[in-house]
Protein chains: 2
Amino acid sequence: MKPSQGDKDCDRAVPKGRGGGAFLLAQVGAHAASKFAERLAELDLVPAHAGILRILAARPALTQQALAATLGALPSRLVALIDELESRGLLERRPHESDRRSYALHLTEAGKSSLQTIGRIAREHQQILLAALSQEEQQQLAALLQRVADQQGLTPQVHPGYASAERAAPSSKL
Amino acid sequence: MKPSQGDKDCDRAVPKGRGGGAFLLAQVGAHAASKFAERLAELDLVPAHAGILRILAARPALTQQALAATLGALPSRLVALIDELESRGLLERRPHESDRRSYALHLTEAGKSSLQTIGRIAREHQQILLAALSQEEQQQLAALLQRVADQQGLTPQVHPGYASAERAAPSSKL
DNA sequence: TATTGTTATACTCTATAACTATA
DNA sequence: TATAGTTATAGAGTATAACAATA
């Protein structure tokens, strides 16, 4: 019912204020993930690699099954990712002390070093992403998001992108 | 099949406070998108459908090329989506007034009605998603996100998930 | 018989490039 | 010759189910 809309102003192509905080959250969140993946590509890593390294740093000797359960991912999906990390010397599969079927995953020194580099990249990424906000506002934003994340039952440090079931359309988000 | 995983203290599995606001943004944003897609599935729609309907409501008579340009998507990707929406009677391809190669896309009455339903679902979704925050805090969050979105050059109402190049790994986010 | 890590297969989604009909 | 819409093909990524070794 709005036939009047001059096309001269592209910024007004779509009603601006609408959409609500939920859409903004999805939009800015996808942008953040995309930009971080871009930066991570400098190290020839994908976000899932970084996630595995981070989890392993906090919980050494994890088996692949336990790692899959933590991430909510399928064990078969992790095989290739772990293969790649191991072939680059960032982690190693050590024999499990009591169960010869499974491995104990451990970061190597190179893996720990790589994780620090990732941390530096993540901080740079965040600084660029949130450049519009003051330090105080950034903390304010993080606090609000943290409360939402807690109330929604999100696992700290685990990105929903691993979820097996209840998949959301890969790239058809809007 | 979630046999729990040995650890009695899952919440402390990974250092909590860390990760920063950028990770929280990606995490909560992906969760928001996933939950919204879940709700939208009730209408047998994917988020991309809703995005097309929304753009078309604001800019009627758009050609498929112009729509693709607006969304940053490939024209070939839109064909199937538009087909589906047209076969459900939510929009129609009308002949372009001056160029017989292209179509003018218009929402039908059913399409406008469907868009209103989508709006209702979106509001319910947001209410559930941000239940941890007061009304004032929700506005505070939206204001902060809007400033980030503006500074980052994000197009209002357009989800980055359409982008053709600079793709981020579909589901290997973390 | 159940479970760990792995592999094989089928399926989905996407990009690329052809194709047609107009311009 | 160039462009709008469409279709065809190939590639990437995933889930599912099978598999061998061990419990």
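Heavy-atom basis, side chains included; hydrogens, waters and symmetry copies ignored. Every chain is numbered from 1 and lettered A, B, ... according to where its sequence line falls, protein lines coming before strand lines.
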- Query: C:dT3 base to A:Arg101 side chain: any donor-acceptor pair below 3.5 Å?
  - Reply: yes
- Which of the following nucleotides, C:dT14, D:dA4, C:dG5, is nearest to the side chain of B:Ser102? D:dA4
- Message: Can you tell me if B:Arg77 touches the phosphate of C:dC13, counting only side-chain N or O atoms and a distance under 4.0 Å to OP1 or OP2?
- Response: no
- Task: May I ask you to say whether B:Asp83 pairs ionically with B:Arg93, meaning some side-chain N is under 4.0 Å from a carboxylate O?
- Result: yes
- Can you tell me how far P of D:dT22 sits from CD of A:Glu97, to the nearest Å? 18 Å
- For A:Ile82 and C:dG5, give me the distance from atom CD1 to atom P, rounded to whole Å. 8 Å
- Task: To the nearest Å, give me how far apart CD (B:Gln65) and C1' (D:dA2) are.
- Result: 12 Å
- Side-chain touch A:Leu105/A:Thr63, heavy atoms, less than 4.5 angstrom: no
- Task: Check the surroundings of atom CD in B:Gln151: do more than 12 heavy atoms from other residues, nucleotides or ligands lie under 6.0 Å from it?
- Result: yes
- Lys NZ or Arg CZ of B:Arg77 over B:Tyr162 ring: under 6.0 Å, within 45°: no
- Message: Does A:Val148 form a side-chain contact (heavy atoms from CB on, under 4.5 Å) with B:Leu133? I'd like the steps, not just the answer.
- Response: CA-CA 7 Å; A:Val148 172; B:Leu133 308 180; 3.8 Å; yes
- Helix axis bend for the helix from C:dT1-D:dA23 to C:dA23-D:dT1 - C1'-based end axes, five pairs, 10° rounding: 20°
Pull out every protein N or O sitting under 3.5 Å from an N or O of nucleotides 16-19 of chain D, one pair per line with the distance.
{"unit_1": "D:dT16", "atom_1": "O4", "unit_2": "A:Ser76", "atom_2": "OG", "d": "3.3"}

- Task: Determine whether more than 12 heavy atoms belonging to other residues, nucleotides or ligands lie under 6.0 Å from atom CD of A:Glu136.
- Result: no
- Given atom CG of B:Leu67 and atom P of D:dA4, what is their separation to the nearest angstrom? 13 Å
- Item | Atom pair distance, as rounded to whole Å: OH in A:Tyr103 and P in C:dT4 | 14 Å
- Note on the structure: Here the distance between atom P of D:dG5 and atom CG of B:Leu81, to the nearest Å, is 14 Å
- Message: If I take atom NE2 in residue B:His96 and atom P in nucleotide D:dG5, what distance separates them, rounded to the nearest angstrom?
- Response: 9 Å
- Decide, yes or no, whether a salt bridge links A:Glu124 with A:Arg120 under the criterion of side-chain N to carboxylate O below 4.0 Å. yes
- Note on the structure: Heavy-atom nearest nucleotide on DNA chain D taken for A:Ser98 and for B:Asp83; more 5' hit belongs to B:Asp83
- Does A:Arg100 make a side-chain donor-acceptor contact with the base of D:dT22, cut-off 3.5 Å? no
- Task: Please state how far atom CG in B:Asp99 lies from atom P in D:dT3, giving the value in whole angstrom units.
- Result: 12 Å
- Item | Short side-chain donor-acceptor distance under 3.5 Å, A:Glu137 and A:Ser134 | yes
- D:dT6 OP1/OP2 closer than 4.0 Å to side-chain N/O of B:Arg93: yes
- Message: List the residues meeting side chain to side chain contact (heavy atoms under 4.5 Å, CB included) with B:Gln139, not counting sequence neighbours, and say none if there are none.
- Response: none
